[in-house]
Every structure is written in C-alpha cells, then in structure tokens.
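A short write-up of the structure that comes next.
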Amino acid sequence: MDAVWCGRAGTVDSGDVGASLRVVMVSMHTSPMDAPGAGDAGGMNVVEHHEALALAALGHQVDLVTRRSSDEQPDAVGLARGVTLHHLTAGPARRLAKSATDQYIPQFRAALGELGGRLAGPAVDLVHSHHWMSGVAALPLARQWGVPHVQSYHSVAAAPGAQLSDGEPAETPARVPGEALLARESDLLVAISAAEARIVVERCGADPDRVSIVPPGVDLTLFHPLSDHPAPGWTTTVPLDRPFAVVAGRLQPLKAPDLAIRALAHVPEEIRPALVVAGAASADFADYEQHLHRTADDLGLGPVVHMVGPQSRTELAWLFQHATLTLVPSHSETFGLVALESAACGTPVVAAASGGLREAVVHGETGQLMDSRQPEDWGLAITKLLTRPAALGWMGTVARVHARRFTWTATVNELLHLYGQLLREDAPVRQAL
C-alpha cells in the first residue's frame with residue numbers, strides 16, 4: 001500500500017491520546033447513515049455515527065467506509081468537519097439481503113485497499129471494524145498497513161444447533177468461523193455490554209484480556225421528555241385517540257414484535273393502549289410485516305396496531321416522548337439502545353430479560369424485565385403498570401436519571417483511552433472484563 005496508509009502508532013505517547021488520530025471505521029453491510037429500523041440498520045448504525053461525530057468534535061479524523069448500495073451514492077461525502085463517508089463498489093449497487101452480502105467480502109477488501117492508495121492527508125492510526133463482515137474484509141489490510149485492528153461485533157451468531165433466543169442466527173456458513181477468526185486475531189475487541197463480552201469470550205473464543213466494554217451513549221439533546229418537536233406526518237393518518245405503546249426496530253423474528261402484539265390481546269380492552277410499530281422488514285424477512293398484520297387481525301387488534309415504517313431520529317424521539325410504554329421483546333440484544341433512548345424521554349420500558357437489556361433497564365426502577373416469553377405474562381405486566389399510574393410516573397422519572405449516565409462524550413473518551421493504550425503499547429490491550 002502507499003505510504004499514506006502506513007501506521008504511525010509511535011506518535012501516540014499517552015494512554016488518553018495526546019495526538020490527533022486518523023481512524024478508519026468499516027461498516028460493510030449497512031451504512032452508518034442508514035435510518036435505524038430500515039433494512040438491516042439498527043443500533044450499530046447509531047453507535048458508529050455518534051462515535052465518529054464525537055471523535056471529530058475532539059479533533060480526530062474519521063473515515064467511515066461502507067458498501068455502495070445505489071448508483072447515486074457519491075464516492076465520498078463529508079458528514080461533518082473531520083468525518084468523511086466513503087462508498088465502495090463491491091457487488092451490485094443496490095441493497096442486498098444481509099445473507100447475500102458476505103460473498104462480496106473479497107471485492108470489498110480490494111476496493112478498501114484501493115481507497116487507501118487514493119486518500120491524501122495524515123496516515124491512518126488504526127482500523128475499527130463493525131460487524132463480522134467488515135472485520136473479515138479489513139483485518140488483512142490492517143496487518144498489511146501495519147496498524148492495529150479493533151473489532152466490534154454488535155451481534156454474534158448463535159452456536160450451531162442453538163435456539164433463536166441464544167443469539168442471532170448465522171446468515172451464512174462463513175459467519176461463525178469469521179467471528180472466531182476476528183476474536184483470535186484482532187488487537188482489541190470492543191463489546192457494547194457485559195452480556196456481549198461474555199458471548200465474545202465464550203462463543204467466539206476471545207482472550208478476555210483483549211476484550212473491553214464501552215457502553216453506548218444517548219443523544220440527550222434529542223431524547224428528552226416532552227418538547228415542541230413537530231409530530232411525524234403519519235399522525236394525520238393514524239388515529240391515536242388513546243394512549244399508545246411503541247415497538248421500534250427492524251421487523252424480523254429476532255426482534256419479536258409479534259410478542260408485543262400478542263401481549264396486547266391480554267390487556268383488558270378498557271385500558272388497552274394502541275401499539276405503534278416503527279420499523280421495516282429487511283430483505284431476509286420480506287414477508288414478516290404481512291405476518292404481523294395477520295397476527296393482529298386474527299386477534300381482533302387490527303384497528304389498534306399501527307405499522308408506521310422506519311422513523312427519523314426526531315420522529316422516534318416524538319414517539320418515545322408521547323408513548324405510555326416502550327416494549328422491547330427481542331430474543332437477544334447486545335445492549336438495547338432503544339430502551340435507553342426511551343428512558344431518556346421519561347418513558348418506562350417493558351423488555352425481555354435478555355442480553356444487554358439487563359444493563360439498559362433497571363428492573364423495577366426504570367421498567368420491567370421479563371423472564372417469560374408468554375404473551376399472557378407480558379399482558380399482565382403491562383396491565384399492572386397501566387393500572388398503577390403513580391408507579392409508572394415514578395419509573396419514568398428514574399428512567400430519565402438513569403439515562404443521563406450514558407453520554408456519547410463518555411463513550412468516546414473511553415474509546416480514546418483504549419485506542420491510546422493500544423497504540424502506545426503497540427500490543428493487544430490488557431484489560432480484564
């Protein structure tokens with residue numbers, strides 16, 4: 001590769017990073033600019049976007065790299081001072097099912113290598129890959145450029161033969177060995193929660209001394225209690241003439257919005273809220289939205305279950321601010337950023353007691369964690385909260401206090417500390433779980 005992308009780890013002499021860094025963040029299968037809840041976009045996209053902006057605000061330079069999914073996407077676009085998004089051609093220039101994307105890893109790796117030869121400016125200090133496909137593509141190049149490779153998984157495939165509740169199923173046979181390779185070979189593994197750290201060690205075989213936990217943040221300027229944010233356009237077509245609960249996320253079996261619909265049937269009709277489902281199905285689950293419509297109709301809930309599609313960040317904040325409850329019934333979540341954003345708006349959460357949701361929700365204080373996946377149990381929990389308005393209001397207040405612990409500034413400061421250790425020592429970071 002050209003000298004432009006040669007490493008300069010020796011210039012960093014402080015664990016807290018005393019020099020301006022250039023970081024390449026790789027996100028092959030979905031762009032950091034994709035709207036969460038649309039296609040395969042979700043909390044990972046929010047994390048990448050905010051980390052890049054926060055790093056740039058501190059004077060660092062970030063190159064975000066993703067696969068081109070449209071002919072109209074430019075080769076490069078500036079998102080903010082110090083943040084550039086690069087689109088690389090690897091496979092057809094259209095949105096692909098996640099399960100059909102990893103066949104283009106070699107093309108993406110080649111395009112990433114070519115990008116390195118074209119870029120001007122300071123040399124790259126490290127590569128931070130998000131999701132397994134990005135890491136498999138970028139790891140060999142980081143080695144070639146002589147810079148550390150940092151891996152964030154955001155989701156890990158379930159072990160062979162495991163149930164859906166044990167994790168995210170593998171889309172292709174290459175995923176499980178790819179995740180294991182990254183666990184062995186990356187210089188640092190950044191987990192978003194203690195739950196994810198455990199999975200990365202136990203399932204992927206990572207050395208615990210090379211795993212660190214950096215929780216996500218929440219944008220408190222956007223996600224806060226009721227404000228004058230304009231209502232989303234769909235409120236003119238959806239008759240929200242009663243209190244409503246909200247489910248936000250990709251429409252796929254892993255997120256289990258069907259459980260939220262079935263739970264609604266077990267809430268007495270006189271207090272039953274409407275349910276707003278914000279999200280869209282990805283290509284791998286193209287028929288799932290129709291399945292949800294049929295489920296609602298079969299239960300006689302069609303008139304009170306509203307599918308409103310993926311929402312902008314401002315529209316999502318409006319939803320959380322006006323909802324009575326947020327429901328997060330996912331089989332597995334590495335953290336559950338939706339639960340934290342709802343909490344910041346003062347809206348309690350009823351969530352599955354799975355993965356990182358145990359860290360995002362404080363049981364009995366900011367919401368309710370459910371060990372059961374039976375709709376009648378969820379319906380009972382919702383009913384109890386709705387019939388105890390004082391307790392519901394107290395939970396909302398405590399939820400706001402809890403959410404203020406998580407800021408993007410704190411997230412990036414911790415990330416920079418780890419980057420600095422990695423670069424200063426020129427060896428794997430030794431930080432216990």
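No hydrogens, no waters, no symmetry mates; every other heavy atom, side chains included, goes into these values. All of these numbers come straight from a predicted model, not from anything done at the bench.
In this structure, R262 contributes its side chain and P257 its backbone to no donor-acceptor pair below 3.5 Å. Checking side-chain atoms of R67 against main-chain N and O of M28 turns up no donor-acceptor pair under 3.5 Å. Under the 3.5 Å distance criterion, the side-chain polar atoms of R109 are matched with a main-chain donor or acceptor of A137. Put simply, the side chain of T84 never gets that close to the backbone of D63: no donor and acceptor are under 3.5 Å apart. Using a distance-only test at 3.5 Å, with no hydrogens or angles considered, no donor-acceptor pair links the side chain of Y153 to the main chain of E196. Within the 3.5 Å criterion, the main-chain N or O of S372 finds a donor-acceptor partner in the side chain of W378. In this structure a side-chain-to-backbone donor-acceptor pair under 3.5 Å is missing from R203 to R198. H60 contributes a side-chain N or O that, together with a main-chain N or O of L21, makes up a donor-acceptor pair within less than 3.5 Å. R175 contributes no side-chain N or O that, together with a main-chain N or O of S99, makes up a donor-acceptor pair within less than 3.5 Å. Remark: the backbone N or O of R272 is paired with a side-chain donor or acceptor of R242 at under 3.5 angstrom.
Shown here are the side chain to side chain contact (heavy atoms under 4.5 Å, CB included) partners of S152, two or more places apart in sequence or in another chain: H128, H130, H154, V190. With sequence neighbours left out, H306 forms a side-chain hydrogen bond (donor to acceptor under 3.5 Å, both in side chains) with no residue at all. Listed by chain and residue number, nothing satisfies the ring pair (Phe, Tyr, Trp, His ring centres under 6.0 Å) test with F244 (two or more places apart in sequence, or in another chain). With sequence neighbours left out, H87 forms a ring pair (Phe, Tyr, Trp, His ring centres under 6.0 Å) with no residue at all. In this structure, the side chain to side chain contact (heavy atoms under 4.5 Å, CB included) partners of P232, at least two apart in sequence or on a different chain, are W234, T235, Q311, E315, W318. Listed by chain and residue number, nothing satisfies the side-chain hydrogen bond (donor to acceptor under 3.5 Å, both in side chains) test with Q368 (two or more places apart in sequence, or in another chain). With sequence neighbours excluded, the residues satisfying side-chain hydrogen bond (donor to acceptor under 3.5 Å, both in side chains) with T221 are D219. Under the rule for a side chain to side chain contact (heavy atoms under 4.5 Å, CB included), the partners of T383 that lie at least two apart in sequence or sit in another chain are V267, P268, I271, T387. For Q73, the side-chain hydrogen bond (donor to acceptor under 3.5 Å, both in side chains) partners are S69, not counting sequence neighbours. Evaluation of the side chain to side chain contact (heavy atoms under 4.5 Å, CB included) rule for A360 yields F335, A339 as partners, not counting sequence neighbours.
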Q | Full working for side chain to side chain contact (heavy atoms under 4.5 Å, CB included) between T366 and V349 | A | CA-CA 7 Å; T366 70; V349 177; over 6 Å; no
Q | Steps toward side chain to side chain contact (heavy atoms under 4.5 Å, CB included) verdict (M133, Y104) | A | CA-CA 9 Å; M133 282 184 268; Y104 300 109; over 6 Å; no
Q: Show your reasoning for whether side chain to side chain contact (heavy atoms under 4.5 Å, CB included) applies to F406 and L337.
A: CA-CA 10 Å; F406 299 86; L337 189 56; over 6 Å; no
Q: Please report the C-alpha distance between M44 and H131 in whole Å, then the side-chain angles of each, then the deciding distance to 0.1 Å, and finally whether the side chain to side chain contact (heavy atoms under 4.5 Å, CB included) criterion is met.
A: CA-CA 8 Å; M44 182 183 88; H131 200 59; 3.8 Å; yes
With a 3.5 Å cut-off and sequence neighbours excluded, list the donor-acceptor pairs that the side chains of residues 393-400 form with protein atoms.
residue: T397; atom: OG1; partner: G393; partner atom: O; Å: 3.2

Would you list the atom pairs, donor with acceptor, under 3.5 Å between side chains in residues 287-301 and any protein atom, with sequence neighbours excluded?
residue: Y288; atom: OH; partner: D258; partner atom: OD1; Å: 3.1
residue: T295; atom: OG1; partner: H291; partner atom: O; Å: 2.9

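Taking both residues in full, the closest heavy atoms of A278 and L319 are given as CB-CD1, 3.9 Å, listed atom of the first, atom of the second, then distance. Taking all atoms of both residues into account, the shortest heavy-atom contact from L226 to Q321 is CD2-O, 3.5 Å. For I213 against A194, the heavy-atom pair with the smallest separation is CD1-CA, 3.7 Å. For the pair H149 and S186, the tightest heavy-atom approach, listed with the atom from each and the gap, is ND1-OG, 3.0 Å. Heavy-atom minimum distance, V246 versus A323: CG1-CB, 3.9 Å. For the pair S27 and T66, the tightest heavy-atom approach, listed with the atom from each and the gap, is O-OG1, 2.7 Å.
Separating the CG atom in L385 from the CG atom in L380 is a distance of 9.5 Å, to the nearest 0.5 Å. To the nearest 0.5 angstrom, L392 atom CG is 5.5 Å from L325 atom CG. Residue S193 holds its OG atom at 9.0 Å from CG of L357, rounded to the nearest 0.5 Å. Note that CD1 of I199 is 8.5 Å distant from SG of C204, once rounded to the nearest 0.5 Å. Taken from CZ in R210 to CG in D187, the straight-line distance is 7.5 Å, to the nearest 0.5 Å. Here the CG atom belonging to L115 is positioned 9.0 Å from the CG atom belonging to D75, to the nearest 0.5 angstrom.
Taking the side chain as every heavy atom from C-beta outward, D102 and W132 approach each other to under 4.5 Å. Here the side chains of P375 and L259 are in contact, with some heavy-atom distance below 4.5 Å. Counting heavy atoms from C-beta on, the side chains of L188 and L126 never come closer than 4.5 Å. Inter-residue side-chain proximity for V136 and F108 is flagged as unmet; no heavy-atom pair is nearer than 4.5 Å. At a threshold of 4.5 Å between non-hydrogen side-chain atoms, the residues V23 and D125 do not count as touching. Looking at heavy atoms from C-beta onward, P273 lies out of side-chain contact with T324 at the 4.5 angstrom threshold.
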